[in-house]
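Encoded as structure tokens, the structure appears first; notes follow it.
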Number of protein chains: 2
Amino acid sequence: MRKIMKKIKVYIADDHQILIDGIIAVLSSEENIEVVGFSLNGEDVLKWFKTNTADVLILDINMPKVDGIAVLQNFFNNNFQQKVIVLSSYDDVKLIKEVLKIGALGFLAKKCAGENIVEAINKVNNGEQYFEKSIQQKLLDTFNTHKSTSKEFVSQDGSFFSSLTPRELDVLQLIAKQYNTKEISDQLHISVNTVETHRKNLISKLNVKNVVGLAIYALKNNLV
Amino acid sequence: MRKIMKKIKVYIADDHQILIDGIIAVLSSEENIEVVGFSLNGEDVLKWFKTNTADVLILDINMPKVDGIAVLQNFFNNNFQQKVIVLSSYDDVKLIKEVLKIGALGFLAKKCAGENIVEAINKVNNGEQYFEKSIQQKLLDTFNTHKSTSKEFVSQDGSFFSSLTPRELDVLQLIAKQYNTKEISDQLHISVNTVETHRKNLISKLNVKNVVGLAIYALKNNLV
DNA sequence: TTGTTTCTAACGGTTTTCAGTGATAAATAA
DNA sequence: TTATTTATCACTGAAAACCGTTAGAAACAA
């Protein structure tokens, strides 16, 4: 007896075609999954979903033009239907919390095994969350160790760079571009002192040691 | 009539398992290709090839512990037999020239289509070089325009840390971990002055402005 | 053997970052 | 309306980074 089953429609977005082809090949052996399209940048994802639908979107964070966060944010602001699994090179907890907040259901690090992707697709298609084991552990760890730390580690909802003010983001981005305080003050038309205040607050808010920590944070969160 | 054919033995090295699984899936439909192993870092590649052989090695540049360049260099110094196809996120001309010089036969950017990998494997297995079309063009362009560039300068955006000395790498990694000069000197058991010299040389070699630039370079090249 | 690279170290001087504290006006949220 | 957040600016002192230059010893390559 053959069971009639609606296939799960999957769309893939990643700027590495070779990775896309790989995922397609992995999924091709799954009878209940159908890859309905892919694109190599965020812009094309947005375009595609204007006139098409899919059940699950596998979305890379690091993409040219429009990055994954921006795509997700856009969907989030427009009541999207498809379930989103975020794909990233970094399994950074702050990033994970951020994407969950703006509507992602699953998170996969690229270092995870390919088989996880099948499991992830099936789970999120049912509306369940999916995280790879090591990431689950990481998330738990931060929830445990940081519930007692001072106010500013996690802002209730767990996102972090959303807790930065717009101005702080400006400064952070320029720091990550290797500008020094004087140069930043010139570019933002504010005083050196003000820039220093912002920098100080960033270091404290993000719980890093110095500008190097800020730069790394910015990079990992695709702010540059 | 069935032709008896020796399969091409392929070994894959990349720190993203999901990409490895993808490549394996892509290659699984090729009758004359057999994947004989893989690893997630350079160290394991070197170990594996001490006691095993393969015809073709697909080698990612950005890997933790021992990077692709170092692996290739090691093979190069030891008269290796296997043909190497270098895989990289960046299709930087300087990087390509570098890997060719130390014995790679093929070069694939990750943004290339998956089918290219099959072609690449077949070509290099016959001792021929393989480059994806867009890369061929790039190489030609620079050979024409750059016949008179200066000796050796390093990339702005990454991919050339093979020109850094081991000690410089040590220092770079610690900087990217937010350690300051004093802490680094303690950890490496050298004087503060020496660390400062290394830092200075790094900034100059990598053509960045400050420690932030160094950290970004380290991160982009997977050194942390 | 000779030249080159690497690692080590030092020094003086300048610029930048960092920590702590405090403060005001404007915008925003409760 | 009141409280909070955000953006702005200032001052001090200490620590760290940065610049230019020099130089010896060891390891390595031609």
Side-chain angles (χ1 to χ4, degrees), chain A residues 150-157 159-218, chain B residues 69-70 73-74 76-78 101-102 151-154 160-218:
Chain A
S150 67
K151 49 211 160 156
E152 22 214 344
F153 190 59
V154 172
S155 54
Q156 315 87 313
D157 52 86
S159 106
F160 217 39
F161 72 91
S162 60
S163 76
L164 301 183
T165 68
R167 209 48 165 173
E168 283 169 345
L169 265 178
D170 290 339
V171 174
L172 177 56
Q173 284 170 342
L174 292 173
I175 287 174
K177 284 182 181 166
Q178 303 180 53
Y179 291 113
N180 66 28
T181 305
K182 178 66 176 51
E183 292 166 335
I184 294 172
S185 82
D186 285 343
Q187 254 183 301
L188 298 181
H189 307 293
I190 55 181
S191 91
V192 167
N193 295 308
T194 304
V195 177
E196 296 207 312
T197 300
H198 286 314
R199 190 188 54 219
K200 197 174 5 181
N201 291 336
L202 282 165
I203 289 176
S204 145
K205 267 191 181 180
L206 298 177
N207 202 32
V208 296
K209 285 183 64 177
N210 49 33
V211 280
V212 166
L214 292 180
I216 290 173
Y217 178 88
Chain B
I69 296 276
Q73 191 83 59
N74 187 300
F76 189 64
N77 295 337
N78 291 289
K101 213 169 63 185
I102 51 178
K151 40 193 173 169
E152 58 108 4
F153 53 89
V154 199
F160 232 55
F161 49 94
S162 61
S163 72
L164 301 183
T165 69
R167 208 47 163 175
E168 285 168 346
L169 264 179
D170 290 339
V171 174
L172 177 56
Q173 284 168 341
L174 292 173
I175 287 174
K177 285 182 182 167
Q178 302 180 54
Y179 291 113
N180 66 29
T181 305
K182 178 66 176 54
E183 291 165 336
I184 294 172
S185 82
D186 285 343
Q187 240 173 308
L188 297 181
H189 307 293
I190 55 181
S191 92
V192 167
N193 294 308
T194 304
V195 176
E196 296 207 313
T197 300
H198 287 313
R199 189 187 55 217
K200 201 175 0 181
N201 291 335
L202 282 164
I203 288 176
S204 144
K205 268 193 182 179
L206 298 178
N207 202 30
V208 296
K209 283 184 66 178
N210 50 33
V211 281
V212 166
L214 292 181
I216 290 172
Y217 178 88

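Here is the naming used below: chain letters follow the sequence lines, and residue numbers restart at 1 for every chain.
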How many angstroms lie between atom [atom1] of [X] and atom [atom2] of [Y], to the nearest 0.5 angstrom?
{"X": "B:Tyr217", "Y": "B:Leu202", "atom1": "OH", "atom2": "CG", "value": "9.5 Å"}
{"X": "A:Thr194", "Y": "A:Leu188", "atom1": "OG1", "atom2": "CG", "value": "10.0 Å"}
{"X": "B:Ile190", "Y": "B:Glu196", "atom1": "CD1", "atom2": "CD", "value": "11.0 Å"}
{"X": "A:Asn210", "Y": "A:Ile175", "atom1": "CG", "atom2": "CD1", "value": "10.5 Å"}

[X] [atom1] - [N] [atom2] separation (whole Å):
{"X": "A:Glu183", "N": "D:dC18", "atom1": "CD", "atom2": "C1'", "result": "13 Å"}
{"X": "A:Tyr179", "N": "D:dA17", "atom1": "OH", "atom2": "C1'", "result": "20 Å"}
{"X": "B:Ile203", "N": "C:dT15", "atom1": "CD1", "atom2": "C1'", "result": "13 Å"}
{"X": "B:Lys209", "N": "C:dT17", "atom1": "NZ", "atom2": "C1'", "result": "14 Å"}

Would you list the protein and nucleotides 7-10 of chain C atom pairs, both N or O, that sit under 3.5 Å from each other?
unit_1, atom_1, unit_2, atom_2, d
C:dC7, OP1, B:Arg167, N, 3.2
C:dC7, OP2, B:Thr165, OG1, 2.3
C:dT8, OP1, B:Arg167, NE, 3.2
C:dT8, OP1, B:Arg167, NH2, 3.0
C:dT8, OP2, B:Arg167, NE, 2.8
C:dT8, OP2, B:His198, NE2, 3.3
C:dA9, OP2, B:Ser191, N, 2.6
C:dA9, OP2, B:Thr194, OG1, 3.0
C:dA9, O5', B:Thr194, OG1, 3.4
C:dA10, OP2, B:Asn193, ND2, 3.0

[X]: partners by side-chain hydrogen bond (donor to acceptor under 3.5 Å, both in side chains), with sequence neighbours left out:
{"X": "A:Thr197", "result": "none"}
{"X": "B:Ser185", "result": "none"}
{"X": "A:Asp170", "result": "A:Arg167"}
{"X": "B:Asn201", "result": "none"}

Sorted by first residue and then second, give each side chain to side chain donor-acceptor pair (under 3.5 Å) pair with at least one member in residues 172-181 of chain A; sequence neighbours left out. A:Thr181-A:Arg199
B:Lys209: salt bridge (Lys or Arg N to Asp or Glu O under 4.0 Å) partners, not counting sequence neighbours: A:Glu183
How bent is the helix from C:dT1-D:dA30 to C:dA30-D:dT1, measuring the angle between the end axes built from five pairs each, rounded to 10°? 70°
Enumerate the protein-to-nucleotides 12-16 of chain D contacts in which both atoms are nitrogen or oxygen and the separation is below 3.5 Å.
unit_1, atom_1, unit_2, atom_2, d
D:dA16, OP1, B:Asn180, ND2, 3.3

